[in-house]
Amino acid sequence: MDVRDHLRTALQEALTAAGIDPLPEEIALERPANRDHGDWSSNVALATAKNAGRNPRELGQQLCDALNENPPVHVTSVEIAGPGFVNFRLADTWLYDVLGDVLDQGVDSYATPDLGGGKHVNVEFVSANPNKPLHAGHGRGACYGDSIARLKERCGFEVTRETYINDRGVQMKNYAASLAASKAGQPIPEDGYQGAYIHEWADEMPVGADPLEWGLERGMDSHRATLEALDIHHEIWFSERSLVANEKINAALADLRSHGAVFEEDGAVWLRTTDFGDDKDRVLVKSDGDLTYLTPDIAYHREKFERSDLLFNVWGADHHGYVARMKAAMQLLGHDPDELEIAITQMVDFVKDGEPMKMSGRSGNQIDLDDIIAEVGPDAARFTYLMQSVDSRQTFDLDEVASRAMDNPVFYVQMAHARICQILVKVAEAGIERLPLADVDTSLLTHERELDLLRSLDTLPDTVRIACEDNGPHRVSAWAREQAAALHGFYHDCYVMGDGVSAELTQARLALVAASQVGLQIALQLLGVSAPESM
RNA sequence: GCGCCCGUAGCUCAGCUGGAUAGAGCAUCUGACUACGGAUCAGAAGGCCGGGAGUUCGAAUCUCUCCGGGCGCGCCA
């Protein structure tokens with residue numbers, strides 16, 4: 001049982017004894033930033049005093065007295081502090097419980113808060129045009145979307161990873177015409193695509209192939225290979241054309257009409273998205289009879305809802321203006337707005353040799369994601385993309401990220417894992433076998449380095465929960481860095497075996513190291529970064 | 001003009017539902033190696049949290065306003 005449950009129960013009893021009624025719905029407990037304030041702290045006296053017409057400091061004192069009278073398990077003392085905080089000091093035994101939890105539950109079960117309850121969520125990300133290679137900015141959305149999917153899987157959701165292919169419309173025609181022109185040795189059309197890749201791909205194209213069909217496959221293959229390098233796999237590559245072929249667009253239009261959300265004006269067909277907060281209504285069918293981009297996309301989202309409880313989209317910053325209309329469209333179809341979540345990833349600036357990176361020659365006007373991966377490697381690329389919140393613009397410095405030194409966070413974290421593996425190897429070579437935890441005297445773990453590792457491990461379940469609720473995988477990378485720092489410190493000061501280390505202490509430290517390995521593996525798995533055994 | 005995101009240490013960034021003396025990494029300076037990989041560890045220094053006002057016992061966090069930056073604002077995709 002989580003130590004917090006014990007503390008909460010005890011606080012509830014103390015509140016009741018102090019005459020507080022009704023009891024607060026939630027009793028907040030936190031680990032104070034300042035260790036002088038104890039191991040755990042609650043602001044419950046501050047939060048309830050006002051409604052109860054009490055002085056917070058007095059109420060807090062009353063709670064402390066009651067709790068000291070009959071202290072919860074692990075608790076050595078309870079103190080009132082500041083304006084009315086109730087601070088708990090705990091014996092280190094509470095951390096030994098954490099060690100037991102980590103090792104009992106292991107990589108598959110530790111830090112798996114059930115937030116999804118088995119609900120099915122469709123995570124759509126990347127969704128790039130297949131007419132050119134993925135660019136470096138796509139990398140952020142790709143790594144972010146995949147990590148969101150991993151977080152949701154860990155937190156009890158059924159997840160489908162999906163990407164949408166814009167395989168119809170003007171851009172595809174221009175792309176096909178560009179391939180055909182290059183193949184024929186003619187200049188690329190004015191509104192065609194200029195990058196070197198067009199010529200490379202045209203060279204590969206068999207004579208007589210349909211440039212549109214062949215080019216579509218070629219573009220998708222390119223995307224697939226790039227994503228594969230990052231260990232990202234979409235279960236579904238959804239074709240926009242298939243919506244037309246399967247009458248899905250007409251069905252969506254009919255559905256919208258039946259909800260009274262469609263009207264005609266100036267020869268065009270409009271959707272009344274202003275009913276749900278959009279700043280203007282949107283055209284579905286242009287006066288020339290063509291569909292806008294929005295219409296198949298609505299049909300697509302409607303289709304996704306037929307096979308999912310929840311939708312999660314990852315879009316680039318340049319599409320944020322599109323959010324309101326899509327959410328409005330889904331509400332016009334009768335969906336709850338919370339069922340469609342749209343995350344916007346801000347832009348990334350790439351720096352190399354201290355200079356803003358130039359557009360690559362290969363694709364003309366973009367930096368290719370392939371080049372970034374080739375430059376820094378997939379692990380460093382993923383970790384870096386996920387190191388900060390997608391809400392703010394990112395500066396991706398290739399020199400820092402490519403460095404194989406400890407000033408590079410990804411190597412710092414991976415090195416921590418590799419060190420653990422090396423310790424386990426050395427210990428095994430020495431003929432020492434790790435005993436079951438029941439046979440280990442965990443109370444030998446008293447060094448601050450050891451306790452820090454356990455304190456950090458204790459925060460992993462909350463970190464995973466918050467990362468999932470908040471759609472912030474960067475919280476996991478921050479945790480991984482913290483755990484790695486604790487591990488390196490431990491490694492420096494605490495030897496698992498050798499002179500002056502008793503057999504019993506070796507066993508206790510082995511358990512600790514194994515638990516740390518579990519934590520790091522969980523974090524790295526969520527980030528999609530490998531956990532190497534050596535470096 | 002309107003909308004979304006951002007503004008925190010020299011640099012890159014954290015900071016869950018408002019909590020106590022605002023954190024980390026890099027860079028800088030100073031220390032620590034006869035043992036599991038020193039590819040490490042420890043210490044120092046570095047801040048009107050963009051400005052102002054408000055709400056609150058308490059604001060980096062919430063509200064308003066101003067300033068600065070990015071991205072959008074089409075019967076393009």
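Heavy atoms only: backbone and side chains are in, while hydrogens, waters and symmetry mates are out. We name chains A, B, ... by the order of the sequence lines, and we start the count at 1 in each one.
Between Tyr300(A) and Phe238(A), the distance from one ring center to the other falls under 6.0 angstrom. You'll find the ring centres of Tyr385(A) and Phe396(A) inside the 6.0 Å limit.
The side chain of Asp36(A) approaches rU21(B) more closely than any other nucleotide in the set rC36(B), rA20(B), rU21(B). Comparing atom distances between the Tyr495(A) side chain and each of rG38(B), rA35(B), rU17(B) picks out rA35(B) as nearest. Nearest nucleotide to the Gln346(A) side chain, out of rA77(B), rG70(B), rC36(B): rG70(B). Side-chain proximity of Arg393(A) to rG70(B), rC13(B), rC75(B): nearest is rG70(B). Closest contact between the side chain of Gln171(A) and the listed nucleotides rA14(B), rA77(B), rC36(B) involves rA77(B). For Leu46(A), taking side-chain heavy atoms from C-beta onward, the closest of the listed nucleotides rC36(B), rC75(B), rC57(B) is rC57(B). Among the nucleotides rA14(B), rA77(B), rG19(B), the one closest to any side-chain atom of Phe85(A) is rG19(B). Nearest nucleotide to the Met347(A) side chain, out of rC75(B), rG70(B), rA20(B): rG70(B). With rC16(B), rA14(B), rG19(B) as the candidates, the nucleotide lying closest to the side chain of Arg475(A) is rC16(B).
When heavy atoms are screened at a 4.0 angstrom cut-off, Gln394(A) is found touching the sugar-phosphate backbone but no base atom. In this structure, Asp266(A) reaches the bases: a heavy-atom distance under 4.0 Å links it to at least one base atom across the strands shown. Contacts of Ile344(A) with the nucleic acid, taken as non-hydrogen atoms under 4.0 Å apart, are absent. His474(A) comes within 4.0 angstrom of the backbone, heavy atoms only, and of no base. Note on Pro56(A): nothing from the nucleic acid sits closer than 4.0 angstrom, heavy atoms only. Nucleic acid contact class of Cys494(A) (heavy atoms, under 4.0 Å, all strands): base. Residue-level contact check: Arg449(A) touches the backbone only, with heavy atoms under 4.0 Å from sugar-phosphate atoms and none from bases.
Projected onto RNA chain B by closest heavy-atom contact, Val427(A) and Ala317(A) fall at different nucleotides, the more 5' of which corresponds to Val427(A). Along RNA chain B, the nucleotide closest to Tyr293(A) and the one closest to Ala81(A) are compared, and the more 5′ of them pairs with Ala81(A).
Distance check, rounded to the nearest 0.5 Å: CG of Leu59(A) to CD1 of Ile20(A) gives 4.5 Å.
An OP1 or OP2 oxygen of rA14(B) is reached within less than 4.0 angstrom by a side-chain nitrogen or oxygen of Ser392(A).
Near RNA chain B, meaning a heavy atom under 4.0 Å away, the residues from residues 280-292 of chain A are Lys280(A), Val283(A), Lys286(A), Ser287(A), Leu291(A), Thr292(A).
No hydrogens or angles were tested; on distance alone, a donor-acceptor pair under 3.5 Å links the side chain of Ser41(A) to the base of rA20(B). Remark: the Asn87(A) side chain and the rA20(B) base include a donor-acceptor N/O pair separated by less than 3.5 Å. Residue-to-nucleotide contacts include a donor-acceptor pair under 3.5 Å from the side chain of Asn43(A) to the base of rG19(B).
Cation-pi contact between Arg481(A) and Tyr412(A): absent, since separation from the ring centre below 6.0 Å together with deviation from the ring axis within 45° is not met. Relative to the ring axis of Trp40(A), Arg31(A) places its NZ or CZ within 45° and under 6.0 Å from the centre.
Classification of the Phe312(A)-Tyr144(A) ring pair by plane angle, with boundaries at 30° and 60°, yields tilted.
Under the Watson-Crick or G-U wobble criterion, with both distances below 3.5 Å, rU30(B) is paired with rA42(B).
A donor atom on one side chain and an acceptor atom on the other are not found under 3.5 Å apart for Ser41(A) and Glu30(A).
Comparing the P positions of rU8(B) and rG50(B) gives an interatomic distance of 6 Å, to the nearest angstrom.
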